[in-house]
Amino acid sequence: MMGFTIQRWAAWAPGLVEPAAWEAWLTTPHALPAEGTPALTEMPAMMRRRVDRLGRIALQASYQAHVDAPDAPVLFASRYGDLGRSVELLTQLARSEPLSPTSFSLSVHNAIGALYSIARGDPSSYGAIAAGEETVEAAFTEACGLLADGVPRVMVVIYDEPVPAPLQHFSESQGLEFPHAWACLLAASTGADALHLGCHAGTQAAEAPEAPEPPETDGLPADLRALRFLVTGAAGASRWEHPVGARRWRWERHA
């Protein structure tokens with residue numbers, strides 16, 4: 001698969017804003033506040049008022065990673081999307097209450113990306129991705145495909161929040177859960193600093209990484225374990241593997 005580098009990255013969660021703070025936290029994760037919403041001053045106020053907390057978090061990371069970079073395709077990826085809004089709409093339906101057209105239009109998976117495109121006046125292609133446990137890998141696979149087609153840069157935005165109460169039994173997470181988003185501006189690379197993502201049959205014997213990875217028992221969701229590998233090197237490891245069913249996703253960096 002096409003090698004890539006991260007030109008710039010950003011992340012946002014309650015209590016964590018700056019990249020340096022994120023790197024320290026990813027090395028030694030601990031509980032974070034459950035509440036908090038970014039100001040999102042980069043977006044016009046009239047449009048910002050339409051965005052729920054999860055959307056604000058995703059867009060804040062997007063703006064911070066994009067900054068003054070040229071327009072580029074953006075892939076917004078979330079396993080669950082804005083489930084809180086969907087639960088609210090379903091509850092209103094069950095009570096035979098009228099639905100808000102605005103709330104309904106923003107409940108779909110591609111709404112956050114559409115608002116970002118409109119706010120920036122950016123005609124680049126946008127995509128919305130949801131692929132269960134493999135959402136991060138699906139997004140980066142799509143991004144690598146765009147880079148292989150000659151696109152100079154692609155931004156990937158990963159965002160999620162705890163599953164709301166009526167649907168919590170669908171959540172497989174047993175560790176740290178909090179609303180968060182992270183974004184990476186990617187460019188193609190064939191150099192020594194290139195990162196690679198591949199998929200292998202789960203029955204293949206995995207080669208041991210050159211350096212030990214932090215234990216998976218630290219409670220990090222899979223998407224934040226991927227971020228840790230991408231931006232901190234996973235404490236020196238050259239490889240991180242994410243097994244999902246019969247597949248084993250392998251993230252690698254070549255020194």
Side-chain angles (χ1 to χ4, degrees), residues 9-18 21-22 25-26 29-40 42-43 47-65 74-92 100 102-116 126-140 155-184 218-228 230 242:
W9 71 277
W12 201 98
L16 281 179
V17 178
E18 299 298 329
W22 269 96
W25 183 86
L26 287 166
H30 54 81
L32 292 173
E35 300 301 325
T37 304
L40 195 62
E42 297 88 344
M43 176 171 276
M47 189 173 293
R48 184 172 63 239
R49 282 196 286 269
R50 303 175 61 194
V51 186
D52 277 1
R53 181 180 69 161
L54 179 61
R56 288 193 177 208
I57 292 173
L59 292 173
Q60 189 67 72
S62 305
Y63 276 109
Q64 290 175 347
V74 185
L75 301 170
F76 283 86
S78 175
R79 179 170 183 175
Y80 298 111
D82 198 346
L83 272 186
R85 192 187 291 269
S86 297
V87 167
E88 180 183 0
L89 290 168
L90 290 171
T91 301
Q92 291 170 343
S100 162
T102 298
S103 187
F104 178 77
S105 67
L106 294 175
S107 68
V108 296
H109 223 70
N110 64 343
I112 292 175
L115 288 175
Y116 188 63
Y126 279 68
I129 294 175
E133 293 182 65
E134 299 163 291
T135 293
V136 176
E137 287 82 6
F140 274 78
M155 192 164 76
V156 175
V157 184
I158 309 295
Y159 63 99
D160 257 313
E161 64 181 348
V163 176
L167 302 174
Q168 282 180 341
H169 59 286
F170 288 109
S171 175
E172 298 173 359
S173 177
Q174 299 178 349
L176 296 169
E177 287 192 290
F178 51 90
H180 64 274
W182 52 276
C184 291
D218 57 14
L220 280 183
D223 74 290
L224 291 181
R225 295 202 299 270
L227 176 64
R228 176 170 61 190
L230 291 170
H242 179 209

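Considering only residues two or more places apart in sequence or on other chains, Glu42 meets the side chain to side chain donor-acceptor pair (under 3.5 Å) condition with Gln60. For Tyr63, there are no side chain to side chain donor-acceptor pair (under 3.5 Å) partners, not counting sequence neighbours. Residues passing the salt bridge (charged side-chain N to carboxylate O under 4.0 Å, His left out) test with Glu161, sequence neighbours excluded: Arg53. Partners of Ser103 under the side chain to side chain donor-acceptor pair (under 3.5 Å) rule, at least two apart in sequence or in another chain, are Arg85. Partners of Trp12 under the ring-ring contact (aromatic ring centres under 6.0 Å, His included) rule, at least two apart in sequence or in another chain, do not exist in this structure. By the side chain to side chain donor-acceptor pair (under 3.5 Å) test, Asp223 is found to be paired with His180, Trp182, residues two or more places apart in sequence or in another chain being considered.
Here the closest heavy-atom approach between residue Leu32 and residue Pro14 is recorded as CB-O, 3.9 Å. Looking at every heavy atom in both residues, Ala139 comes nearest to Ile129 through CA-CD1, 3.6 Å. Summarising the geometry of Ala65 relative to Ala10, their closest heavy-atom pair is N-CB, 3.7 Å, with the distance given to 0.1 Å. Closest non-hydrogen pair, Ala181 versus Ala58, comes out as CB-CA, 3.6 Å. A pairwise comparison of heavy atoms in Thr102 and Ser105 identifies O-OG, 2.8 Å as the closest pair. The two atoms that bring Pro179 and Ile57 nearest to each other are CB-CD1, 3.6 Å, heavy atoms only.
Summarising the geometry, atom CG belonging to Asp82 is positioned 10.5 Å from atom CG belonging to Asp160; distances are rounded to the nearest 0.5 Å. Separation of atoms OG (Ser100) and CD (Glu88) is listed at 8.5 Å; rounding is to 0.5 Å. For the atom pair OH (Tyr126) and CG (Asn110), the distance works out to 12.5 Å, reported to the nearest 0.5 Å. Taking CG of Leu40 as the start and CZ of Arg49 as the end, the distance is 12.5 Å to the nearest 0.5 Å. To the nearest 0.5 Å, atoms CG (Asp52) and OG1 (Thr37) are separated by 9.5 Å. In this structure, CZ in Arg56 is found 9.5 Å from CE in Met43, a value given to the nearest 0.5 Å.
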For this session: Dump the intermediate steps for side-chain contact (heavy atoms from CB on, under 4.5 Å) on Leu83 and Val163, then the final yes or no.
Result: CA-CA 7 Å; Leu83 272 186; Val163 176; 4.1 Å; yes
For this session: Start with the C-alpha gap between Val51 and Tyr116, add the side-chain angles, then the distance that decides, and say whether side-chain contact (heavy atoms from CB on, under 4.5 Å) holds.
Result: CA-CA 11 Å; Val51 186; Tyr116 188 63; over 6 Å; no
Problem set entry | side-chain contact (heavy atoms from CB on, under 4.5 Å) evaluation trace for Leu227 with Trp9 | CA-CA 10 Å; Leu227 176 64; Trp9 71 277; 4.2 Å; yes
Exercise. Between Leu115 and Leu106, does a side-chain contact (heavy atoms from CB on, under 4.5 Å) hold up when you go through it step by step?
Worked result: CA-CA 9 Å; Leu115 288 175; Leu106 294 175; 3.7 Å; yes
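No donor-acceptor distance shorter than 3.5 angstrom exists from the side chain of Trp25 to the backbone of Leu16, with no hydrogens or angles considered. Looking only at distances, no side-chain donor or acceptor of His109 sits under 3.5 Å from a matching main-chain atom of Phe76. For Ser78 (side chain) and Tyr159 (main-chain N/O), a donor-acceptor pair under 3.5 Å exists by modelled atom type.
For the pair Leu230/Phe140, a side-chain contact is recorded, criterion being any heavy-atom separation below 4.5 Å from C-beta on.
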